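Okay, structure first, notes after.
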Amino acid sequence: MRVWIAGAGHGAGHVVAAEDARVPVLDHGITVGDGVFETVKAVGGQAFALTRHLRRLVRSAEGLGLPAPDLGRLADGVRQALDANEGVDPARVRITVTAGPGPLGSERTGGELTYVVAVAPFPVPAPAVDVTVVPWTRNENGALAGLKTTSYAENVLALDYARRRGGSEAIFGNTAGNLCEGTGSNIFVVTGGRLVTPPLSAGPLAGITRELVLEWCGGDEADVPMSALPEVTEAFLTSTGRDVQPIRAIDGHVLPEAPGPVTRKAMAGFAERGAADLDP
Ligand code: PLP
């Protein structure tokens with residue numbers, strides 16, 4: 001695999017073999033998870049919704065108090081990384097920007113940002129998934145709520161919790177007892193015949209697939225009490241890798257249909273419009 005890297009002693013950016021892309025061991029991204037990232041899908045060498053992803057990267061950096069990443073440089077890096085990995089299709093493009101080298105503690109020295117763009121094959125999503133609700137909560141009022149930072153250890157832990165119980169995605173509630181999101185996905189449910197997804201005030205990441213489903217396929221943003229989950233008739237996850245993925249069971253409670261009619265409509269709507277939204 002070849003990656004594009006800039007900063008961290010790599011200057012303005014270049015493509016190198018992944019094993020040669022050295023990042024200093026005292027990079028704050030490594031020592032304290034001080035960084036932000038994006039996962040973008042590329043089909044036929046074209047990155048999907050790249051502008052929206054780069055905008056969100058800037059919002060995450062702002063939220064974390066990092067200097068604004070150089071978007072022109074990054075867009076060029078994405079192009080170079082895709083060209084260097086031609087044939088990887090569909091491709092998972094991981095953009096990481098960290099605070100760069102720093103001290104071992106939490107303080108920043110304000111040095112140069114480290115940029116990495118890595119490309120790998122995107123696995124084909126399963127036709128439906130079982131999800132497991134984790135017994136702890138996402139803090140919708142926390143400083144990191146809604147930011148896509150490299151501090152993903154809580155998600156790693158949650159996914160491991162779900163996997164040990166037969167789920168392939170974990171679902172978080174928030175401190176108010178409402179539905180929030182998955183470890184790498186947003187969630188939509190059909191309740192009382194209505195398609196809803198938690199509002200951003202409930203603490204989920206502003207998923208780009210979520211945003212596009214709301215735009216293209218409808219649905220409302222509304223708080224969903226965790227206690228209402230046993231009554232949902234359909235549910236699906238959204239993410240860059242999954243698009244719209246039906247949920248078969250929640251905590252072992254099998255839903256009547258996966259996909260049900262509302263989910264099928266969202267899948268079809270997303271597939272139809274999604275193909276046309278590829279960034280030039
Ligand atoms: N929520 C979290 C915590 C995520 O990490 C992701 C994506 O990785 C999503 C939601 C879905 O966002 P998107 O549709 O932009 O991929």
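Whatever order the structure lists them in is the order used to number ligands and atoms, beginning at 1. Keep in mind that this is a model prediction, so the values were computed, not measured.
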Would [X] count as a polar contact of ligand 1, with the cut-off being nitrogen or oxygen pairs under 3.5 Å?
| X | value |
| --- | --- |
| S239 | no |
| R56 | yes |
| Y152 | yes |
| A206 | no |
| H53 | no |

Against heavy atoms of [X], which atoms of ligand 1 measure under 4.0 Å?
| X | value |
| --- | --- |
| E181 | 1 (N), 2 (C), 3 (C), 10 (C) |
| G207 | 12 (O), 13 (P), 14 (O), 15 (O) |
| L205 | 1 (N), 2 (C), 4 (C), 6 (C), 9 (C), 10 (C), 12 (O) |
| T209 | 13 (P), 14 (O) |

Open item on the list: Would R210 and F188 count as a cation-pi pair here, with the cationic atom under 6.0 angstrom from the ring centre and within 45° of the axis?
Closed with: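 No, R210 and F188 do not form such a contact.
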Task: For ligand 1, the portion of S185 having any non-hydrogen atom under 4.0 Å away - done: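 For S185, only backbone atoms sit under 4.0 Å from ligand 1.
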Open item on the list: Below 4.0 Å, non-hydrogen atoms only: which portion of T183 touches ligand 1? Side chain, backbone, both or neither.
Closed with: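 Backbone only; the side chain of T183 stays clear of ligand 1.
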When you compare the side chain of [Y] with that of [X], does any pair of heavy atoms fall below 4.5 Å?
| X | Y | value |
| --- | --- | --- |
| I208 | H53 | yes |
| R242 | S185 | yes |
| W4 | V16 | no |

Task: NZ/NE/NH1/NH2 to OD/OE distance under 4.0 Å, R264 and E257 - done: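 Here R264 pairs with E257 in a salt bridge, since their nearest N and O are under 4.0 Å apart.
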Rounded at 0.5 Å granularity, tell me how far [atom1] in [X] sits from [atom2] in [Y].
| X | Y | atom1 | atom2 | answer |
| --- | --- | --- | --- | --- |
| E211 | R56 | CD | CZ | 8.5 Å |
| F172 | W136 | CZ | CH2 | 6.0 Å |
| L200 | E221 | CG | CD | 5.5 Å |

- [ ] Compute the minimum heavy-atom distance from N186 to ligand 1 and say whether it is under 4.0 Å.
- [x]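 Checking ligand 1 against N186, which is what was asked, there is a heavy-atom contact under 4.0 Å.
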Open item on the list: Using heavy atoms and a 4.0 Å limit, tell me yes or no: is G184 in contact with ligand 1?
Closed with: yes
Open item on the list: Can you confirm whether more than 12 heavy atoms, excluding those of E86, are under 6.0 Å from its CD atom?
Closed with: no
Task: Closest approach of any protein heavy atom to atom 7 (C) of ligand 1, naming residue and atom - done: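 In this structure, atom 7 (C) of ligand 1 has K148 NZ, 3.2 Å as its nearest protein heavy atom.
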Open item on the list: Checking a contact table here: which protein heavy atom is nearest atom 16 (O) of ligand 1, and how many Å away?
Closed with: T240 OG1, 2.6 Å
TODO: Indicate, with yes or no, if I250 and Y161 share a hydrophobic cluster defined by side-chain heavy-atom contacts under 4.5 Å among Ile, Leu, Val, Met, Phe, Trp and Tyr.
DONE: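 Not linked; separate clusters.
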